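One structure is given below, encoded as structure tokens.
Quick note: residue numbers are just sequence positions, from 1. Just so we're clear, the structure is a prediction, and the values are computed from it rather than from any experiment.
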Amino acid sequence: KRIYPMIFKRIDIDTENNVYLNCYLHEKEPKWDYGFDRPAVVVCPGGGYGMVSQREAEVIALHFLPEGFNVFVLTYTVKPHRFPTQLREVAAAMETIYENADAWNTDVERIAIMGFSAGGHLALSSGLLADNKPNAMILGYPATACPNMPGMNYMLKLLCGKEEVTDADAVAFELVHQINKDTPPAFLAATAEDMLTGFGALPVANAYSRLQKGYELHVFQYGPHGYALAN
């Protein structure tokens with residue numbers, strides 16, 4: 001049961017493939033005129049591109065909403081659809097937010113994209129490759145490095161559409177070498193216990209450091225993969 005006052009909307013991005021945007025918006029109080037639009041967070045749940053994890057969906061929205069953000073949770077396509085289909089869906093979601101910014105009281109100059117695991121790969125891809133880039137990125141245990149190793153092979157196979165992947169395939173989907181001075185600032189979180197994607201945040205932080213770009217990195221000692229808010 002939702003107890004925080006808000007407006008909830010579901011916006012269909014692609015009805016045929018069940019791509020949609022769940023919107024958690026602050027209600028406008030007629031007697032209060034704050035004189036500003038709200039910042040926003042676009043959430044990309046994880047799931048290895050094989051599913052969309054609900055533990056990283058509405059619970060994340062209901063965490064950011066009371067902090068003053070409008071929040072948008074994207075349900076994107078998974079297997080058998082292949083990347084970069086999902087990147088185009090993020091772009092369509094961003095365009096939807098831009099088009100409705102006035103009605104939804106949203107500041108389009110303060111939109112962060114947040115991704116977990118494979119959603120972190122998608123979020124960083126948006127920050128690197130999209131035309132309408134977010135203003136900041138929040139990456140939780142992101143699958144931003146894709147080594148050809150047990151555990152990561154599942155996601156690599158879905159990304160490549162191949163039964164067997166090679167080291168060259170892993171390099172092709174490595175995002176770190178694409179970070180540049182135009183990449184939005186990033187907040188990264190990971191744990192030392194996460195043997196699946198815990199290492200993904202480190203090369204991203206190193207790339208930001210070399211470029212002297214703004215970033216913040218937190219590596220906690222404990223926590224398995226997929227801990228969401230860790231609460």
Side-chain angles (χ1 to χ4, degrees), residues 1-15 17-29 34 36-49 51-78 86-87 89-127 130 132-143 184 186-189 216 218 223 225-231:
K1 181 179 180 181
R2 302 188 181 101
I3 60 174
Y4 194 82
M6 67 174 183
I7 300 171
F8 175 81
K9 296 179 180 290
R10 169 174 162 155
I11 306 295
D12 290 320
I13 303 294
D14 180 350
T15 54
N17 293 306
N18 198 34
V19 178
Y20 58 92
L21 192 67
N22 280 346
C23 310
Y24 303 80
L25 309 169
H26 283 265
E27 292 181 334
K28 290 186 178 181
E29 292 282 354
Y34 295 108
F36 65 88
D37 290 331
R38 294 185 180 275
V41 178
V42 179
V43 180
C44 299
Y49 289 111
M51 57 169 286
V52 176
S53 172
Q54 292 307 302
R55 74 172 64 189
E56 298 149 351
E58 182 169 85
V59 65
I60 307 299
L62 297 184
H63 175 81
F64 278 94
L65 188 77
E67 300 298 326
F69 294 86
N70 286 333
V71 190
F72 306 88
V73 179
L74 178 64
T75 294
Y76 51 88
T77 53
V78 294
Q86 297 84 0
L87 185 58
E89 292 160 359
V90 172
M94 295 285 283
E95 189 63 30
T96 298
I97 297 170
Y98 293 156
E99 291 173 353
N100 293 279
D102 290 340
W104 294 348
N105 199 36
T106 299
D107 185 349
V108 296
E109 298 298 325
R110 292 189 296 164
I111 299 179
I113 191 165
M114 183 175 197
F116 298 87
S117 192
H121 177 275
L122 181 55
L124 181 55
S125 297
S126 176
N132 47 356
K133 291 180 175 61
N135 304 104
M137 297 180 293
I138 307 167
L139 308 177
Y141 43 94
F187 175 96
L188 305 111
E216 187 168 336
H218 294 252
H225 184 75
Y227 50 79
L229 291 175
N231 59 357

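Take Tyr76 and apply the ring pair (Phe, Tyr, Trp, His ring centres under 6.0 Å) test, not counting sequence neighbours, and it matches no residue. Under the ring pair (Phe, Tyr, Trp, His ring centres under 6.0 Å) criterion, Tyr141 pairs with Phe116, His225, Tyr227, not counting sequence neighbours. With sequence neighbours left out, the side-chain contact (heavy atoms from CB on, under 4.5 Å) criterion links Ala91 to Asn132. The salt bridge (charged side-chain N to carboxylate O under 4.0 Å, His left out) check on Asp14 picks up nothing, with sequence neighbours excluded. Tyr20 is linked by a ring pair (Phe, Tyr, Trp, His ring centres under 6.0 Å) to nothing, counting only residues two or more places apart in sequence or in another chain. For Thr77, the side-chain contact (heavy atoms from CB on, under 4.5 Å) partners two or more places apart in sequence, or in a different chain, are Asn17, Val19, His81, Thr85, Gln86, Glu89.
Heavy-atom contacts from other residues, nucleotides or ligands closer than 6.0 Å to CZ of Arg55 number 12 or fewer.
Rounded to the nearest 0.5 angstrom, Ile113 CD1 and Leu124 CG are separated by 9.5 Å. A distance of 12.0 Å separates CD of Glu67 from CG of Leu62, quoted to the nearest 0.5 Å. Distance check: Phe187 CZ to Met137 CE gives 13.0 Å after rounding to the nearest 0.5 Å.
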Kindly indicate, with the supporting measurements, whether the criterion side-chain contact (heavy atoms from CB on, under 4.5 Å) is fulfilled by Ile111 and Ile97.
-> CA-CA 9 Å; Ile111 299 179; Ile97 297 170; 4.0 Å; yes
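With Arg10 as the fixed residue, the side-chain contact (heavy atoms from CB on, under 4.5 Å) test singles out one of Leu21, Thr75, Asn22: Asn22.
Shortest non-hydrogen contact noted between Arg38 and Arg110 is C-NH2, 4.4 Å. Between Thr96 and Ile13, the shortest heavy-atom contact is OG1-CD1, 3.6 Å. Pairing each heavy atom of Ala118 with each of Gly48, the nearest pair is CB-N, 3.4 Å. Residues Pro45 and Val73 come closest through the heavy atom pair CG-CG1, 4.1 Å.
Taking 4.5 Å as the limit, some side-chain heavy atom of Trp104 sits within range of a side-chain heavy atom of Cys23. Looking at Val90 and Cys44, their side chains come closer than 4.5 Å, going by heavy atoms from C-beta outward. When side chains are defined from C-beta on, Leu229 counts as touching Val59, because their heavy atoms get closer than 4.5 Å. Counting heavy atoms from C-beta on, the side chains of Pro142 and Ser117 never come closer than 4.5 Å. Side chains of His121 and Tyr49 form a contact here, defined as non-hydrogen atoms less than 4.5 Å apart. Considering only heavy atoms from C-beta on, Leu25 comes within 4.5 Å of Phe72 through its side chain. Between Ile60 and Met114 the shortest side-chain heavy-atom distance falls below 4.5 Å. Between Lys9 and Tyr24 the shortest side-chain heavy-atom distance does not fall below 4.5 Å.
Judged purely by distance below 3.5 Å, without hydrogens or angles, the side chains of Thr106 and Asp37 never pair a donor atom with an acceptor atom.
Of the possible donor and acceptor atoms, none in the side chain of Glu56 sits under 3.5 Å from a partner among the backbone N and O of Ala228. At distances below 3.5 Å, not a single donor-acceptor pair connects side-chain atoms of His26 with backbone N or O atoms of Asn70.
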